[in-house]
Amino acid sequence: MDTQPLSAIRPADLSEPFYYLHNARTLLNWVMQVHPDLLLTDEHQQLKQLLSLPDEAQALLFRMVMRKGEWFRSDQLNYAEIPQPTESLNQLAQAGLIDYSAHCDAKTLSSLCRKHELLQVCQSLWPEQSLDSKLRKRDLQVLLPAYDLPAQPLADWWPQAPFTLLRLSCMPLMDRMRLMFFGNLHQDWSEFVLTELGHQRYEPVSMDTHNRAFSQRSEVDLYLQLHQLRQKLEDGNELEPLHALLPAACPTDWLENRRQKLAFALGHAVERSGDLTTALALYRDNPHREARIRYLRLMEKSATAEATCLAAEEALDQVSQPEARIRIQRIQQRSAKKSGRPIKPQSKTAIPQLELTLEPSDSLRVETLVIDDLQTQGWRAWHVENQLFTGLFALLFWPALYAPVKGAFFHPFQSGPADLYHPDFVLKRQPLIDAGFRQLADGQYRTAILQTLEQKRGTRCSLIHWPTLETTLVEQVLACIPAEHLSAIFRHLLLDLRHHRRGMPDLICLSPAHNSYQLIEVKGPNDRLQDHQRLWMEFFIDQGITATLCQVRFQT
DNA sequence: AAGGGCATTG
DNA sequence: TTCACACCCTCCG
DNA sequence: GAGGGTGTGTCTCAATGCCCTTGC
Ligand SMILES: [Mn+2]
Ligand SMILES: [Mn+2]
């Protein structure tokens, strides 16, 4: 068994035939060392047993774990480094890690068999029926489950089958280990090899054993439960039983957030199915932004205007996000008007508009057409949307983003700190954040940004889309945009990274010759400014930054 | 026979 | 296997 | 104008090979 020090989670050398096994064991060992108290005795036992099997058997197991699904055919397990797969399988079965005699349902079987095999299965099940071999496999895959036969061993489906089937019974444990390692279920075992191959790069951050994604087993359980629930929701299961499966409040903020998000999604589905009462129940007391708004919208439709108006007022007392406030205020406006006591609408900041009439194009996006048009007027325009300012922000504050803050990093494949969107993100890195703004003040920010750009290009970062950040773009931007503007923009970003990283204008237009720039949001004939886009435009105008809304009409 | 879709691989 | 954005529809005053 | 739903592109690695479909 590998007993590497904790600091050495390193992908295995690819010249090693068992490289993937080494990677898998690195993951398992890390979890066993960092989370021993979150594993049941039974699970410890299972892992110990697995790790005491011969390498070939372990390797075969992980070959399957890393492949799709949990069902496998014995004839599709041929690997050069595993010369006796049958023997390995027997050892795995002995250890209870795989199930040889599991009952297989029609759907599973039909996806495991090839078309000509599927025909044979049907023939052997219903010898009297003659099936046209011109049927498409898709049709057979519908046909077989339609008979509603119970799950049964392969031998009962197809006695003459030229292979056997097996199911990984350790999959729940493997998923749990993966979850405890990554802190999520969307990253998988391939992270290791992709990193070793150089297809992806992560910023190294020093970690100690205190850094772990979960502190209690119940948290892991809750994550898994929420994940399964979301899965069922997406699969279109009956909504009623799902509602009953929603766990009560979660012990940690991030899990509670996930729970509320799911409650909202569930509520939304229920609402669309027509059950407004359940929807209201799921939205009520849900601090999730969309939930609050849906709640008020439902009130607006079903309750009195007075009650809605009051509820909206109440919500406004609790909500500070500008975007949410705007939408709540609209509801308040409408209800107030409806109840006969209209509120004077807030005066909106006027946004400079530019009307352009262009030739329509079926291959080019409207933004590109505007860029071309601006070029004839001496502007060099780039379609950057959110990526420019969030990118510059990340480049300047790179040391803060990847500071080894407690709890922010717990495995080597993170594209950003776990608390990136938490309200106290800044507080936990105050000195480094201050340092970034100091560089903006003393002029060092340009070299800092350009250096990080070259040094880190390609390194995964939650705030950076590298292809957008061409060096010439960044150089010109740094030449044209004054530091005070960048400073104001970055401070605004930091107010609410999650929400403020959205809604920035489509184009930045640079005129290096005149050291000037402007921002342009392009709107085609069928598009309008969204709330968060308007908020950014207002912000820029407040700051004295030129921002224009460009309305495009098409020549007929 | 050709090409799309996909799973697998390092 | 998301997320941000654009596009398209309906309804309303 | 506003709310709502849906579609689209995406930096979710690139190369390979199997299976299936379609067309000749
Ligand atoms: Mn845009
Ligand atoms: Mn636009």
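Nothing here was measured: the structure is a model prediction, and the numbers come from that model.
Stacking of A/Arg284 on the aromatic ring of A/Tyr295 is not recorded, the 6.0 Å distance cut-off and the 45° axial limit not both being met.
Distances from the side chain of A/Glu521 to the nucleotides D/dC11, C/dA6, D/dG4 place C/dA6 closest. Candidate nucleotides D/dC13, D/dG4, C/dC5 were compared by shortest atom distance to the side chain of A/Gln533, and C/dC5 ranks first. Distance from the side chain of A/His199 is smallest to D/dA14 among D/dA14, D/dA2, D/dT21. The A/Leu194 side chain lies nearest to B/dG10 when the options are D/dG4, D/dC20, B/dG10. The side chain of A/Glu234 sits closest to C/dT2 out of B/dG10, D/dA2, C/dT2. In this structure, of B/dT8, D/dC20, C/dA6, it is B/dT8 that holds the atom nearest to the side chain of A/Lys68.
Under 4.0 Å is where a charged nitrogen must lie from a carboxylate oxygen, and between A/Arg327 and A/Glu290 at least one such pair does. Under the 4.0 Å criterion applied to side-chain N and carboxylate O atoms, A/Arg63 and A/Glu81 are assigned as salt-bridge partners. In this structure, A/Arg365 does not pair ionically with A/Asp506, as no charged nitrogen and carboxylate oxygen lie closer than 4.0 Å. The pair A/Asp75-A/Arg73 meets the salt-bridge criterion, with a side-chain N (NZ, NE, NH1 or NH2) lying under 4.0 Å from an Asp/Glu carboxylate O. The pair A/Asp175-A/Arg178 meets the salt-bridge criterion, with a side-chain N (NZ, NE, NH1 or NH2) lying under 4.0 Å from an Asp/Glu carboxylate O.
Residue contacts shown for A/Arg272 are limited to sugar-phosphate atoms, with no base heavy atom under 4.0 Å away. At a threshold of 4.0 angstrom between heavy atoms, the contacts of A/Tyr20 with the nucleic acid are absent. Within 4.0 Å (heavy atoms only), A/His499 reaches no atom of the nucleic acid at all. Among the atoms of the strands shown, none is found under 4.0 Å from any heavy atom of A/Gly198. Nucleic acid contact for A/His268: sugar-phosphate only, since backbone atoms but no base atoms lie under 4.0 Å from a heavy atom of the residue. Nucleic acid contact for A/Lys337: sugar-phosphate only, since backbone atoms but no base atoms lie under 4.0 Å from a heavy atom of the residue.
Residues A/Trp158 and A/Glu117 have side chains that never bring a donor and an acceptor to within less than 3.5 angstrom of each other. Counting only N and O atoms by type, the side chains of A/Gln329 and A/Gln333 include no donor and acceptor under 3.5 Å apart. For the residue pair A/Tyr283 / A/Arg297, no side-chain donor-acceptor distance below 3.5 Å is found, with atom types taken as modelled. At a cut-off of 3.5 Å, with distance as the only test, no side-chain donor of A/Ser273 or A/Asp275 sits close to an acceptor on the other residue.
Annotation: of the two residues near DNA chain D, A/Asp139 and A/Glu271, the 5′-most nearest-nucleotide partner is A/Glu271.
Atom name C1', nucleotides D/dG7 and B/dA7: the rounded distance is 27 Å, in whole Å. Here, D/dA14 and C/dC3 have their P atoms 23 Å apart, quoted to the whole Å.
Using modelled atom types, one side-chain atom of A/Gln187 and one backbone atom of A/Phe413 make a donor-acceptor pair closer than 3.5 Å.
Distance, A/Glu196 CD to B/dG10 C1': 10 Å, rounded to whole Å. Rounded to whole Å, the distance from CG on A/Asp75 to C1' on B/dT8 is 15 Å. Regarding A/Glu290, its CD atom lies at a distance of 13 Å from the C1' atom of C/dA4, rounded to whole Å. One atom, CZ of A/Arg534, and another, P of C/dC5, lie 16 Å apart when rounded to the nearest Å. With rounding to whole Å, A/Tyr79 atom OH is found 14 Å from D/dG17 atom C1'. Residue A/Asn386 contributes atom CG, which lies 9 Å from atom C1' of C/dC5 at whole-angstrom precision. Between the CZ atom of A/Arg63 and the C1' atom of B/dT8 there is a distance of 9 Å, rounded to whole Å. Atom CZ of A/Arg501 and atom C1' of C/dC3 are 9 Å apart (whole Å).
Contact between the side-chain N/O atoms of A/Arg136 and the OP1/OP2 oxygens of D/dT21 is not found at any separation under 4.0 Å. For the OP1/OP2 pair of D/dG3 and a distance below 4.0 Å, the side-chain nitrogens and oxygens of A/Arg294 include no atom meeting the criterion. In terms of phosphate contacts, A/Arg330 brings a side-chain nitrogen or oxygen within less than 4.0 Å of OP1 or OP2 of D/dG3. Contact check, A/Arg460 against D/dC13: a side-chain N or O comes under 4.0 Å of OP1 or OP2. Between A/Lys261 and the phosphate of C/dC3, there is a side-chain N or O to OP1/OP2 separation shorter than 4.0 Å. OP1 or OP2 of D/dG4 sits under 4.0 Å from a side-chain N or O of A/Arg297.
Screening A/Trp30, A/Phe181, A/Phe192 for a ring pair (Phe, Tyr, Trp, His ring centres under 6.0 Å) with A/His411, the sole residue that qualifies is A/Phe181.
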Could you go over nucleotides 7-10 of chain C and give all protein N or O partners under 3.5 Å, atom names and distances?
{"unit_1": "C/dC8", "atom_1": "OP2", "unit_2": "A/Asn526", "atom_2": "ND2", "d": "2.9"}

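In this structure D/dT10 sits in no base pair that meets the Watson-Crick or G-U test at under 3.5 Å.
For the contact set between residues 178-187 of chain A and DNA chain B, defined by any heavy atom under 4.0 Å, there are no members.
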